[in-house]
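Take a look at the structure set out below.
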Amino acid sequence: MATTDHARTRGTAGTSRLRAWMLEGLSDMGRTPQGPHALPEPVHQGQRWWRVMCLTGVDYFSTLGYQPGIAALAAGLLSPVATIVLVIVTLAGALPVYRRVAEESPRGEGSIAMLERLLSFWKGKLFVLTLLGFAATDFLITITLSAADASTHLIENPHLNSTLHNQQMLITLILVALLGAVFLKGFLEAIGVAVVLVGIYLALNTVVVIVGFWHVLTAGHVVTDWTNGLTAAHGNVFAMIGVSLLVFPKLALGLSGFETGVAVMPHVQGDPEDTEENPKGRIRGTKKLLTTAAVIMSVFLIATSFITTLLIPEQEFQPGGKANGRALAYLAHEYLGGAFGTVYDVSTIAILWFAGASAMAGLLNLMPRYLPRYGMAPHWARAVRPMVIVFTLVAFLVTWIFNADVDAQGGAYATGVLVLMSSAAIAVTIAARRAQQRGWTIGFAVVSAVLLYVTVANVIERPDGVKIGACFIAGIILVSLLSRLARAFELRVTSVSLDDMADRFVRDIASRRIRFIANEPDNRDKAEYREKIEQIRADNDLPAQEDFVFVEVTVLDPSEFEAGLTVRGEVLHGRYRVLTLESSSIPNALAALLLYVRDRTGCTPHIYFEWTEGNPFTNFLRFFLFGQGEVAPVTREVLREAEPDRSRRPRVHVG
């Protein structure tokens, strides 16, 4: 028996250690704790902006692994011209938009928070959940697509092709699992890895670009053949630009990286005098991050599209060709030899694998900011490690569904990126209009129109992206509503404060028996309160000398889940004491007040209700959606869950 008890004790201790480890670092992602279950947040020093840029850069810069090939397939000889159009949209459109997003939303919520402020109640929550669905599409497909492309580079390496042939699914799943393991270890380690990978990758690409330009310059006929081919196919410059605009939506993957840039913004080191309300240093650092990344990427995009178009035979870009999805790797092997090509492959594989790190960081920063606050996720969803496991498992599922195929995931990825960028452009347009900045309003409106055009064109051509996004949206909404339903009876008032008058009422009534009457305010005239007291006395057979304090709750936004509670006291008609409360839920506010009064006075309070007329199920739905309805039994249930000890539980009377 002693051995059994000892084993049980060790098992319990092991479970407790595992739980503590899983919930450790609740603020590791730099989020603000919310609610009674959030752990206190230590001071977050942040990282230098260029280090955080490397984290977002593993997503943004890694697109060099496949973007030149995509551009060549979409635009053919026009690839450099179409890429210049992409760069113009990047520097003149996306960059100003996200610099403004960084100003308006410095805690990493991105454009979603800006748009959330435009809508209230449930329509606002559903709108945010829809955008979160597209964000999940963007970030999760980034993880799976990048891992799949990394496995493609690994398999297509001449030295490994025969050994790893037909193993793409297994390799992709292993890469996704390794990415999750890095985040289980710790987030700061991920930034350190990103700095090394980005530095090596950009250096190797610089070598490939320089060597590529050297071969273009030394083989003069290459440029002549290209220009002659362009002229023969398209005639004049205006026709070339027109065709480039038409194929531009297919190049949209080159715009990825901006949303993750603002999502990981809380990790950017600010000035010593920064505050959460006014983090000027963090905003300035994030703007440097976004601008530097955009300029570096723009230079590489133009240079790589030029050399790959001129130096690689067109048939090699086609599916099954040696340059399909790996144009720069093809040049590295072709012009710098097998040894350098293999080093380049290793670097590309590493950065493509780790491209999911910025997406994972974005997910870990974004989702816990909304879902737990809406009551649409368990408490542990605020912790990093459990969410890493959830996202990794979902990435496994997505990889399996798409059979680790890069091309099959491209539509969903582009859709997620473009919807978020369009919403960001619309959000900053509205922000500029509210600030009465006419020039910025017009400029952002033009950018919004361009991005909406690209989004619609992409959806028309690749509707599978919207279908996948819709699946994510439906999944998030379903899980969120089920979570909200499961937590319906949870005490979710984060704090209770009484003004001087309310505090005086509580201290006075505590000298006798604490009796509250829950009243739904109507005319608030003398007759209403007199008749209510008479009814409560008659229903509960109470003597005339019993003293009461009325409690009235006004529902503000019933879609909110957690909030503080402020109680104000007033005397009406010279004799009736009334406590007024504002909350998202009447039963929760009443339960929180009763528990607070019990703890404050050491006495057990009593509260009196009258039964709610109508169908109980309908009344429960009214409570679930609008914060009012089946008030008496729900208040009692909230108290029962919050206080398991029946002897200490406030008393609920219904007549």
Side-chain angles (χ1 to χ4, degrees), residues 46-68 83-84 86-103 105-106 108 110-111 138-139 142 146 190-206 209 251-269 281-305 328 347-348 350-352 354-362 365 413 417-418 420-421 424-425 428 447 451:
Q47 299 280 315
R48 300 289 296 275
W49 67 266
W50 58 268
R51 288 177 61 86
V52 182
M53 183 194 74
C54 290
L55 180 65
T56 63
V58 290
D59 173 20
Y60 197 20
F61 301 145
S62 69
T63 57
L64 288 171
Y66 48 82
Q67 181 69 16
T83 301
I84 290 173
L86 173 67
V87 167
I88 292 172
V89 173
T90 298
L91 298 180
L95 180 58
V97 163
Y98 278 94
R99 283 172 63 92
R100 182 63 177 258
V101 171
E103 287 182 13
S105 180
S111 57
D138 178 8
F139 293 149
T142 297
S146 299
I191 292 182
V193 173
V195 171
V196 174
L197 292 179
V198 167
I200 295 173
Y201 185 67
L202 291 182
L204 293 174
N205 273 287
T206 301
V209 168
L251 279 64
L253 292 183
L255 292 169
S256 66
F258 284 101
E259 196 69 32
T260 50
V262 293
V264 299
M265 189 174 173
H267 306 298
V268 177
Q269 186 180 62
R282 183 196 298 169
I283 293 172
R284 187 173 60 254
T286 303
K287 287 183 175 181
K288 290 179 182 178
L289 179 160
L290 294 169
T291 303
T292 305
V295 170
I296 291 173
M297 189 61 176
S298 296
V299 171
F300 272 108
L301 281 174
I302 293 173
T304 56
S305 68
L328 292 177
S347 174
T348 305
I351 198 169
L352 281 168
F354 212 64
S358 60
M360 182 73 81
N365 185 66
Y413 182 39
V417 170
L418 290 171
L420 290 180
M421 295 191 77
V428 298
V447 175
L451 291 174

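Along the sequence shown, the residues carry numbers beginning at 1. Every heavy atom of this structure was used, including side-chain atoms; hydrogens, water molecules and symmetry mates were not.
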So, taking the atom named OG1 in Thr63 and the one named CG in Leu352, what distance separates them when rounded to the nearest 0.5 Å?
9.0 Å
Scanning both residues in full, the closest heavy-atom pair of Leu64 with Leu328 reads O-CD1, 3.7 Å
Residue pairs passing the side chain to side chain donor-acceptor pair (under 3.5 Å) test where at least one lies in residues 191-205, sequence neighbours excluded:
Asn205-Tyr344
With heavy-atom distances below 4.5 Å as the criterion, would you say the side chains of Phe139 and Met360 are in contact?
no
CG (Leu95) and OG1 (Thr291) are apart, to the nearest 0.5 Å, by 4.5 Å
Kindly indicate whether the side chain of Val198, heavy atoms from C-beta on, has any atom under 4.5 Å from the side chain of Ile351.
yes
Apply ring-ring contact (aromatic ring centres under 6.0 Å, His included) to Tyr98 and list each qualifying residue two or more places apart in sequence or on a separate chain.
Phe258
A side-chain contact here means heavy atoms from C-beta on lying under 4.5 Å apart; do Phe61 and Thr56 qualify?
no
Contact list for residues 286-298, test salt bridge (charged side-chain N to carboxylate O under 4.0 Å, His left out), sequence neighbours left out:
Glu103-Lys287
For Cys54 and Ala194, the nearest pair of non-hydrogen atoms, with its separation, is O-CB, 3.7 Å
Using 0.5 Å steps for rounding, measure from the CG atom of Leu86 to the CG atom of Leu91.
9.5 Å
Quick one: are Thr292 and Met53 in side-chain contact, heavy atoms under 4.5 Å?
yes
Is there a side-chain contact between Met421 and Val97 (heavy atoms, below 4.5 Å)?
no
Phe300 versus Leu202: any side-chain heavy-atom pair under 4.5 Å?
yes
Under the salt bridge (charged side-chain N to carboxylate O under 4.0 Å, His left out) test, residues paired with Arg99 that sit two or more places apart:
none
Would you give the length of the straight line joining atom OG1 of Thr348 to atom CG of Leu197, rounded to the nearest 0.5 angstrom?
11.0 Å
Here the pair of heavy atoms bringing Val428 nearest to Ala425 is CG2-O, 3.2 Å
Partner set under side chain to side chain donor-acceptor pair (under 3.5 Å) for Ser105, not counting sequence neighbours
Glu109
Does any non-hydrogen side-chain atom of Gln47 lie less than 4.5 Å from one of Leu55?
no
How far does OG1 of Thr304 sit from CD of Gln67, to the nearest 0.5 angstrom?
8.0 Å
With a 4.5 Å cut-off on side-chain heavy atoms, are Val447 and Pro96 touching?
no
Who passes side chain to side chain donor-acceptor pair (under 3.5 Å) against Arg100, sequence neighbours left out?
Glu104, Gln437
